[in-house]
S.K.: 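Before we start, here is the structure in question, set down as structure tokens.
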Amino acid sequence: MSKSLKNAVVFITGASSGIGAATAAEFAKQGARLLLCARRVDLLRAMEPDLIEAGAAEVFSFNLDVRDRDEVEGTIATLSDAWGQIDVLVNNAGLSRGLTKLYEDDVENWEEMIDTNVKGLLYVTRAVVPGMVKRGHGHIINLGSIAGHIAYPGGHVYCGTKAAERLITDGLRIDLNGTPLRVTSIDPGMVETEFSNVRFRGDEARATKVYEGVVPLSAEDIAETIVWAATRPEHVMIQTVVLTPTAQANPYVLKRQTVEGRQ
Ligand SMILES: NC(=O)c1ccc[n+]([C@@H]2O[C@H](COP(=O)([O-])OP(=O)(O)OC[C@H]3O[C@@H](n4cnc5c(N)ncnc54)[C@H](OP(=O)(O)O)[C@@H]3O)[C@@H](O)[C@H]2O)c1
């Protein structure tokens, strides 16, 4: 029987767009209490009425840059009792920057990806998991990527951050073995979100080209998978889910169709 998430506190980082926003909407349907953060808190606030309408028991949104260790520790430590008892943590905040060859790339791109995708995930995890261990209850769901399994041209550091996520997730699972906590990595292929827009710093034409001739995964496809993992019975731990568009075999083997259905 699936696990009920009614009134469960679900904390989603990077909930202002894409997978994070869709995941908030999917957990809302389960009647969860949603704790949402991102830097664009105005977007989070604007989502609140729809989330309540969709069934969320309550929503609390706040501004958080996961790269800021003091801010992460301080904000999570000062959550009220009602919000601080987090049942499900979705470490989703993340980004890629550029597709330039490593030896020609801007070092600041690397720092932003490592600080967000690796260090940000670690800061949030370090702040949330001790409470879960103490309460003997909790599920950590991290957003990985097929980029963490196999590198692609120009992907170097982004792929490295997602490979780090994969092994950090495995390591955390080992450290929590013997507790009732569960640890999951969701590793998607191509998902159409703001991701490419962020990668190409607002170059819409370039971002749109990424999805040309392919039916990509949607943010909702990932959100449904996350909620499926979170609603398995307590004795079932989904360790890793790798999902891609049917047209995608790996990060760079992708069958694109022209409008006429021919290559
Ligand atoms: N799209 C894909 O093809 C794909 C494939 C595999 C894995 N993923 C992973 O899925 C996750 C979500 O990406 P997405 O595709 O949904 O992209 P997206 O639409 O660009 O969403 C990224 C989210 O992360 C937040 N974020 C970024 N930096 C942050 C920071 N420093 N502090 C707090 N929040 C931050 C953004 O919010 P603010 O800008 O408001 O802070 C936004 O809500 C990422 O970890 C990504 O690596 C994506």
Side-chain angles (χ1 to χ4, degrees), residues 11-26 35-47 61-72 75-76 89-97 99 109 111-125 127 141-150 152 155 157-166 168-169 185-202 207-208 210-211 214-223 225-226 240-245 247-248 250-252 254:
F11 179 24
I12 304 168
T13 68
S16 61
S17 79
I19 294 168
T23 301
E26 203 59 33
L35 189 56
L36 308 178
C37 78
R39 293 162 302 176
R40 290 171 296 172
V41 74
D42 49 319
L43 293 183
L44 297 176
R45 299 257 152 82
M47 287 162 51
S61 308
F62 59 98
N63 185 306
L64 184 69
D65 185 334
V66 297
R67 294 171 299 177
D68 186 329
R69 181 175 154 193
D70 290 341
E71 199 187 334
V72 170
T75 310
I76 293 170
L89 164 63
V90 184
N91 271 313
N92 165 75
L95 81 177
S96 66
R97 288 297 196 190
L99 268 182
N109 286 339
E111 287 179 339
E112 194 176 1
M113 291 187 278
I114 293 167
D115 288 350
T116 311
N117 303 357
V118 182
K119 292 167 73 179
L121 176 145
L122 285 168
Y123 297 156
V124 174
T125 304
I141 302 177
N142 294 334
L143 262 295
S145 170
I146 58 169
H149 296 251
I150 187 168
Y152 55 84
V157 174
Y158 177 71
C159 297
T161 65
K162 291 299 178 181
E165 176 281 333
R166 187 158 58 86
I168 289 166
T169 304
S185 185
I186 304 289
D187 300 358
M190 179 189 280
V191 191
E192 191 165 10
T193 62
E194 288 182 13
F195 183 84
S196 295
N197 208 288
V198 171
R199 165 166 261 168
F200 301 125
R201 295 187 183 276
T208 306
V210 172
Y211 310 104
V214 186
V215 180
L217 294 171
S218 67
E220 290 72 25
D221 293 326
I222 312 306
T225 307
I226 290 171
T240 307
V241 180
V242 179
L243 64 165
T244 63
Q248 185 173 36
N250 73 28
Y252 56 88
L254 186 68

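If you read the sequence from its start, that first residue is 1, and numbering goes on from there. Indexing begins at 1, ligand by ligand and atom by atom, following the structure's order.
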S.K.: Does any N/O atom on Val191 come nearer than 3.5 Å to any N/O atom on ligand 1?
M.R.: yes

S.K.: For the side chain of Lys119 and the backbone of Val66, is there at least one donor-acceptor N/O pair under 3.5 Å apart?
M.R.: no

S.K.: Atoms of ligand 1 less than 4.0 Å from Tyr158 heavy atoms?
M.R.: 7 (C), 8 (N), 46 (C), 47 (O)

S.K.: If we only consider heavy atoms of Lys162, is any one of them less than 4.0 Å away from an atom in ligand 1?
M.R.: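 Contact check Lys162 vs ligand 1: positive.
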
S.K.: Any idea which part of Thr116 is under 4.0 Å from ligand 1, heavy-atom wise: side chain, backbone, both or neither?
M.R.: side chain

S.K.: So is Ala21 close enough to ligand 1, meaning a heavy atom under 4.0 angstrom away?
M.R.: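 So Ala21 does not count as touching ligand 1.
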
S.K.: Return yes if some donor-acceptor pair links the side-chain N/O of Ser185 with the main-chain N/O of Arg166 below 3.5 Å, else return no.
M.R.: no

S.K.: Which protein heavy atom lies closest to atom 10 (O) of ligand 1, and at what distance to 0.1 Å?
M.R.: Ile19 CD1, 3.5 Å

S.K.: Which ligand 1 atoms, with their elements, are less than 4.0 angstrom from a heavy-atom of Gly189?
M.R.: 3 (O), 5 (C), 6 (C)

S.K.: Do Asn92 side-chain atoms and Leu143 backbone N/O form a donor-acceptor pair below 3.5 Å?
M.R.: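 No, the answer is negative, given that no donor and acceptor are paired below the 3.5 Å cut-off.
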
S.K.: Tell me, yes or no, whether the heavy-atom count around Tyr252 atom OH, taken from other residues, nucleotides or ligands under 6.0 Å, exceeds 12.
M.R.: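 Count not over threshold, so no.
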
S.K.: State the CG-CD distance between Leu243 and Gln248, to the nearest 0.5 angstrom.
M.R.: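 Leu243 CG to Gln248 CD: 10.0 Å, rounded to 0.5 Å.
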
S.K.: Mind listing the side-chain donor-acceptor pairs of residues 111-118 below 3.5 Å, one per line with the distance, residues two or more places apart or on another chain?
M.R.:
unit_1, atom_1, unit_2, atom_2, d
Glu112, OE1, Arg97, NE, 2.9
Glu112, OE2, Arg97, NH2, 3.1
Thr116, OG1, Glu112, O, 2.7
Asn117, OD1, Leu95, N, 3.0
Asn117, ND2, Leu95, O, 2.9
Asn117, ND2, Thr161, OG1, 3.1

S.K.: Going by the order shown, which atoms of ligand 1 are within less than 4.0 Å of some heavy atom of Gly18?
M.R.: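 What qualifies from ligand 1 is 16 (O), 19 (O).
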
S.K.: Should the proximity of Ile222 to ligand 1, defined as any heavy atom under 4.0 Å, be assigned to the side chain, the backbone, both, or neither?
M.R.: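 For Ile222, there is no contact with ligand 1 at all, from either part.
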
S.K.: Taking distance alone, with no angle check, do Gly20 and ligand 1 share an N/O pair under 3.5 Å?
M.R.: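 Min N/O separation from ligand 1 is not below 3.5 Å for Gly20.
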
S.K.: Which atoms of ligand 1 are found less than 4.0 Å from any heavy atom of Thr193?
M.R.: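 Close to Thr193: 1 (N), 14 (P), 15 (O), 16 (O), 17 (O), 19 (O).
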
S.K.: Taking the non-hydrogen atoms of Ala219, is any one of them nearer than 4.0 angstrom to ligand 1?
M.R.: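 For ligand 1, residue contact (heavy atoms, under 4.0 Å) with Ala219 is absent.
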
S.K.: Check whether any N or O atom of Val66, backbone or side chain, sits under 3.5 Å from an N or O atom of ligand 1, and answer yes or no.
M.R.: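 Among all N and O atoms of Val66, at least one is under 3.5 Å from an N or O of ligand 1.
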
S.K.: Give the numbers and elements of all ligand 1 atoms closer than 4.0 Å to a heavy atom of Gly144.
M.R.: 6 (C), 7 (C)

S.K.: Please check this pair: side chain of Arg45 against backbone of Ser61, looking for a donor-acceptor N/O pair closer than 3.5 Å.
M.R.: yes

S.K.: Establish, from distance only, whether the side-chain atoms of Asn91 and Thr125 form a donor-acceptor pair under 3.5 Å.
M.R.: yes

S.K.: Which of the numbered atoms in ligand 1 are under 4.0 angstrom from any heavy atom belonging to Asp65?
M.R.: 30 (C), 31 (N), 32 (N)

S.K.: Heavy-atom contacts with Ser16 under 4.0 Å: which atoms of ligand 1 show up? List them by number with element.
M.R.: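 The list of qualifying atoms is 36 (C), 37 (O), 38 (P), 40 (O), 42 (C), 43 (O).
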
